[in-house]
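The block underneath contains the structure these notes are about, expressed in structure tokens.
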Number of protein chains: 2
Amino acid sequence: MMRLRATISYDGTLFAGYQVQPGERTVQLEIEKVLAKMHKGDIVKITASGRTDARVHATGQVIHFDTPLQIPVEKYQKALNVQLPRDIRVLTVEQVADDFHARYDVSGKRYRYIWDCSAVQSPFRRHYTIEANGIEPNVEAMQRAAGAIIGTHDFSCFCAANTSVVDKVRTVHGLELAWHGQELHMTISGTGFLYNMVRIIAGTLWEVGTGRRDVDSVAQAIVSMDRAIAGKTAPAHGLYLEQVFYE
Amino acid sequence: MMRLRATISYDGTLFAGYQVQPGERTVQLEIEKVLAKMHKGDIVKITASGRTDARVHATGQVIHFDTPLQIPVEKYQKALNVQLPRDIRVLTVEQVADDFHARYDVSGKRYRYIWDCSAVQSPFRRHYTIEANGIEPNVEAMQRAAGAIIGTHDFSCFCAANTSVVDKVRTVHGLELAWHGQELHMTISGTGFLYNMVRIIAGTLWEVGTGRRDVDSVAQAIVSMDRAIAGKTAPAHGLYLEQVFYE
């Protein structure tokens, strides 16, 4: 038996999210179906760094699983990609220590959020960016507001109400906004993220950028620890899980 | 009554092509459905610069239609985009002379063809590029072979067999190959293109680039005027109608 760690990318458009749910097409289900085929019907459970919601994308999700197969590690990537649907791709596979855990060992993550600010959204980007109908946000104001988010805080205000997590203190290491052509990209990295945290931060900063919210209101929302004081949750399909860090 | 010309972009993935076909979802049908709604049920026929096949994309298709509506021209674009499905976008609308014709007045077109040469194709590009599984083609050889295509020739060898066109002489003004990251883009412009001509040229040059065909064989194929001497027709979903030129 050996433990393998794989980095995967998926287009979240046609998935009901990462995690197996009865009757739904999910990323976990599709990968476990292929692994079951490779293991002659035996169930091989995979464990990811964390879930992603329906329509959320990943360019660097990490999973682990255990296998008794004698396939050389370097052949695993192609063996999986040949059988997986085209909206999931395995980027790398490597053998790891038997006690490596894709979720428990996470030391940090980086996410990306993308708005398309062109006058008419490209039809090719409709599932991959948020349409902003030619609005050009005040990025400088968004950047100033982002300054209040960086650091270690209780992020209750940026956490979906329906969560069971008790300790909502997390550390955000970096939050950058950058233009890529007419797309505005927000990248955010930190020790961990609460449920919907990146999408609520994106929604809140967008309100700052479009003049519907003061720069100072973001710091005030954090202090309030009240979800109602922060902005709207931005749509799922602008979000990408980009990288998972391990020590 | 006024004649309007519109530039449109569409993601060809979920269309059975541009032209109306019974029982199929096509670009023409979707636009005519919206125009009929805007015209209280009256049929408004649209005319395009030419058809595109199933799964072929457009970033600059041109259409024209006549309308008796008193809507200001500058409001037409938004009025159409609000009602159109998200895989069709109207980029511009302008009033043109009553005798402008989107097909008969075409003086040239430019197409783009895209291969994804990264080791693992991005799942986000699966409908928009041709997967090349990490093959790095010899672009210099492709460019030399392209030299034989530029100019005025009988392009019978690059025309699908099932065509009714008699005169197969066309002029190719330019054919460029350029890397955009790990994607190889071919752009080709000319006075007009025969059925499947761009895809057969793409397929033939790809065979040159991957060493399955000599550089000289392309000039020989043109002289032969025989479809069987040229290469395979490259897949539809790598092709984009990028610009239509009018005098």
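All figures in this text were calculated on a predicted structure; none of them were measured in a lab. In what follows, chains carry the letters A, B, and so on, assigned in the order in which the sequence lines appear, proteins first and then strands, with residues in each chain numbered from 1.
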Just checking [X]: does its [atom1] atom have more than 12 heavy atoms from other residues, nucleotides or ligands closer to it than 6.0 angstrom?
X         : atom1 : answer
Arg125(B) : CZ    : yes
Arg103(A) : CZ    : no
Arg3(B)   : CZ    : yes
Arg55(B)  : CZ    : no

How many angstroms lie between atom [atom1] of [X] and atom [atom2] of [Y], to the nearest 0.5 angstrom?
X         : Y         : atom1 : atom2 : result
Arg89(A)  : Phe124(B) : CZ    : CZ    : 12.0 Å
Thr13(B)  : His127(A) : OG1   : NE2   : 8.0 Å
Glu131(B) : Arg86(A)  : CD    : CZ    : 4.0 Å

Check each atom of Gln77(B) against the heavy atoms of chain A and say whether the ones under 4.5 Å are side chain, backbone, both or neither.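 Only the side chain of Gln77(B) comes within 4.5 Å of chain A.
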Pick one of side chain, backbone, both or neither for Asn81(B), based on which atoms fall under 4.5 Å of a heavy atom in chain A.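 Side chain only.
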Using a 4.5 angstrom heavy-atom cutoff, name the option from Ser9(B), Ser122(B), Pro85(B) with the most pairs to chain A.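 Among Ser9(B), Ser122(B), Pro85(B), the one with the most close pairs to chain A is Ser9(B).
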